[in-house]
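The structure appears below as structure tokens.
Side chains are part of it too, since the values below use all heavy atoms of this structure and drop only hydrogens, waters and symmetry mates. Quick caveat: nothing in here was measured; it's all calculated off a predicted structure.
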Amino acid sequence: MVDLEQLKNAFRKFYEAEPRLFGAPGRVNLIGEHTDYNDGFVLPMAIDRQTVVAAAPRDDRRVRVHSLSVEETREFDLDGEGEARRGIWLDYVEGVARVLESRGALLGGADMMLSSDVPVGAGLSSSAALELSAGLALISLSGAKVERVALALAGQEAEHTFVGTMCGIMDQLVAALGLRNHALLIDCRSLKVEAIPMKLEGVAIVACDTRVKHELSSSEYNKRREECARGVELLRESLPGIRALRDVSPVEFERYGASLPQPVGRRCRHIVTENERTLRAAEALRSGKPETMGQLMYESHRSLRDDYEVSSAELDALVDIARGVKGVFGARMTGGGFGGCTVNLVRRDALAEFREVVSREYTRATGHQTDIYVVEASDGARELELKAAG
């Protein structure tokens, strides 16, 4: 947990100014993987781990940012030319600032300090947490008016333009709109968001970090997008009305999908079936049916492993180990793949055994250690207030 008082004190000492605090959460996606950039459905939840930005306005248009995690200070001038795709953490902050300004928000300069307990590279979207917390800080200090969905879209464009990852909208949207004790069913075409109550009494959401990130993750991610787009082109010959794979029903895919070349056919099959699983999972969550939800999670992982081919030996090991622990309803990889985390549905009275077995067996199977986080559904980006003592 980020110590807000400690962050404030560090800011005062570093900048000799009084800051305001802004936070945005990481997320775990319960189901609906790689469907977001196919105009489909996703079911993430914001988690109780966040990036916090302490910030104070400046008289000029310079933005200075100090990161406590890497003990590094960088800066840029909003009146100067923006730099993109440098491969540094400042790309996320400068990117969201430049995009907000390009969309009409007049920002002032700021002194900023970052602190986070969202693990980097774990598939819990530390990048969206940074984009949204920094963006909210800048618009709030400047008195600019930006709606939450517009802030999320600015974060996504920053990722595309300044970072170079062609991500969907899910991560930024859940970081902006997350709701305590709820998951969000997001229609990634209309951006309609439905809050789904987490009716899972006695059941915990647990993320297990492989602590492995394979280098091909970014290039393969963009390649999957191209394969899906190719699938739409080919399916449009039989289904001329479709705009994206979201428009193809499982029945239609059964009829026309066999004509697709491989691996394009497998990629499309994952997206079509994953959209259906996501809608069924939202209903299972709403109805308090962890067994149904868990089975859909296992099916999702199998599809991601075999059809979309974005899993890894480490992710597969974590899912297989979890499946053998009593009290586990379901498990799957979450996030872009090739490393990062699994998400698990575990009975709370089985958590101690789950931790022990998964930690031991994962190390035995892979030689790596895993970090295990029990996460709660949390609120989205907001200004934070220190609780008064007593």
Which ILVMFWY residues can you reach from Val120 by hopping between side chains whose heavy atoms are under 4.5 Å apart? none
For Ser115, side-chain contact (heavy atoms from CB on, under 4.5 Å) partners two or more places apart: Val2, Leu7, Leu68
Is there any salt bridge (Lys or Arg N to Asp or Glu O under 4.0 Å) pair reaching into residues 319-334, and which pairs are they, with sequence neighbours excluded? Glu33-Arg332, Glu274-Arg332
Heavy-atom distance under 4.5 Å between the side chains of Gln156 and Cys167, does that happen here? yes
Check whether Asp379 reaches the backbone of Arg180 with its side chain - one donor and one acceptor, N or O, closer than 3.5 Å. yes
Val206: side-chain contact (heavy atoms from CB on, under 4.5 Å) partners, not counting sequence neighbours: Ala204, Cys208, Asn344, Val346, Leu351, Phe354, Ile372, Val374
Verify the ring-centre separation between Phe11 and His66: is it less than 6.0 angstrom? no
Val52 and Leu151: same hydrophobic cluster, using ILVMFWY side-chain contacts below 4.5 Å? no
Which residues share a side-chain contact (heavy atoms from CB on, under 4.5 Å) with Ala284, sequence neighbours left out: Lys289, Thr292, Met293
Report the C-alpha distance between Thr210 and His368 in whole Å, list the side-chain angles of each, state the deciding distance to 0.1 Å, and finish with yes or no for side chain to side chain contact (heavy atoms under 4.5 Å, CB included). CA-CA 8 Å; Thr210 61; His368 300 292; over 6 Å; no
Other residues, nucleotides, ligands: >12 heavy atoms within 6.0 Å of Glu18 CD: yes
Which heavy atom in Leu141 sits nearest to a heavy atom in Ala110, and how many Å separate them? CD1-CB, 3.9 Å
Side-chain touch Pro25/Thr51, heavy atoms, less than 4.5 angstrom: no
Under the salt bridge (charged side-chain N to carboxylate O under 4.0 Å, His left out) criterion, do Arg246 and Asp39 qualify, and how do the steps go? CA-CA 6 Å; Arg246 179 273 186 54; Asp39 280 3; over 6 Å; no
Report yes if some heavy atom in the side chain of Leu304 is under 4.5 Å from a heavy atom in the side chain of His270; otherwise report no. yes
Rounded to the nearest 0.5 Å, what separation is found between the CG atom of Asn181 and the CD1 atom of Ile196? 14.0 Å
Is there a salt bridge (charged side-chain N to carboxylate O under 4.0 Å, His left out) between Glu72 and Arg74 once you walk through the steps? CA-CA 7 Å; Glu72 183 177 69; Arg74 291 184 178 269; 3.2 Å; yes
Evaluate salt bridge (charged side-chain N to carboxylate O under 4.0 Å, His left out) for Glu94 paired with Arg98, printing each intermediate quantity in order. CA-CA 6 Å; Glu94 181 169 0; Arg98 300 285 182 187; 3.0 Å; yes
Look up atom CZ in Phe253 and atom CD in Glu276, then write down how far apart they are to the nearest 0.5 Å. 13.0 Å
Check step by step if salt bridge (charged side-chain N to carboxylate O under 4.0 Å, His left out) holds for Glu309 and Arg267. CA-CA 8 Å; Glu309 296 183 280; Arg267 309 300 188 243; 2.8 Å; yes
According to salt bridge (Lys or Arg N to Asp or Glu O under 4.0 Å), does anything in residues 108-123 pair up with another residue at least two apart or in another chain? List the pairs. Arg58-Asp111, Arg64-Asp111
Suppose we screen for side-chain hydrogen bond (donor to acceptor under 3.5 Å, both in side chains). Which residues come up paired with Arg347, at least two apart in sequence or across chains? Asp349
Check whether any side-chain N or O of Asn29 sits under 3.5 Å from a backbone N or O of Gly32 as a donor-acceptor pair, and report yes or no. yes
Tyr37/Tyr221 aromatic ring centres below 6.0 Å: yes
Measure across Leu107 and Leu138 and return the closest heavy-atom pair with its distance rounded to 0.1 Å. CD2-O, 3.9 Å
Does atom CD (Glu81) have a neighbourhood of more than 12 heavy atoms from anything else shown, all under 6.0 Å? no
Short question: side chain of Arg236, backbone of Ile242 - any donor-acceptor pair under 3.5 Å? yes
Pairing residues for Glu376 by the salt bridge (Lys or Arg N to Asp or Glu O under 4.0 Å) criterion, not counting sequence neighbours: Arg348
Quick one: does Leu177's side chain get under 4.5 Å of Val149's, heavy atoms only? yes
Hydrogens and angles aside, do Arg277 and Thr273 bring a side-chain donor and acceptor to less than 3.5 Å of each other? yes
Side-chain donor-acceptor pair under 3.5 Å between Arg12 and Asn9, yes or no? yes
Any heavy-atom pair between the side chains of Val28 and Met45 that's under 4.5 Å? yes
Restricting to non-hydrogen atoms, name the atom on Asn275 and the atom on Gly40 that form the minimum distance, rounded to 0.1 Å. OD1-CA, 3.3 Å
Taking atom CD of Glu383 as the centre, report whether more than 12 heavy atoms of other residues, nucleotides or ligands fall under 6.0 Å from it. yes
same_hphob_cluster(Leu184, Met170) at 4.5 Å side-chain heavy-atom cutoff: yes
Taking atom CD as the centre, does Gln262 end up with more than 12 heavy-atom neighbours from other residues, nucleotides or ligands that are less than 6.0 angstrom away? yes
Quick one: salt bridge (Lys or Arg N to Asp or Glu O under 4.0 Å) pairs with a partner in residues 130-141, sequence neighbours left out? none
Partner residues of Thr363 under the side-chain contact (heavy atoms from CB on, under 4.5 Å) criterion, sequence neighbours left out: Gln369
Qualifying residue, where the test is side chain to side chain donor-acceptor pair (under 3.5 Å) with His301 and the options are Asp306, Asp316, Thr342: Asp316
Positive for side-chain contact (heavy atoms from CB on, under 4.5 Å) with Pro44, one of Val174, Asp36, Leu185: Val174
For Phe41 and Thr35, which heavy atoms make the closest approach, and how far apart are they? O-OG1, 2.7 Å
Which residues pass the side-chain hydrogen bond (donor to acceptor under 3.5 Å, both in side chains) test with Asp59, sequence neighbours left out? none
Hey, what's the ring geometry for His34 with Tyr308, parallel, tilted or perpendicular (30° and 60° as the breaks)? tilted
Search all heavy atoms of Cys268 against all heavy atoms of Gly231 and return the closest pair with its distance. SG-CA, 3.6 Å
Could you give all pairs that pass the salt bridge (Lys or Arg N to Asp or Glu O under 4.0 Å) test and reach residues 165-177, with sequence neighbours left out? Arg27-Asp171
Just by distance, no angles: are the side chains of Ser67 and Glu71 close enough, under 3.5 Å, to form a donor-acceptor pair? no
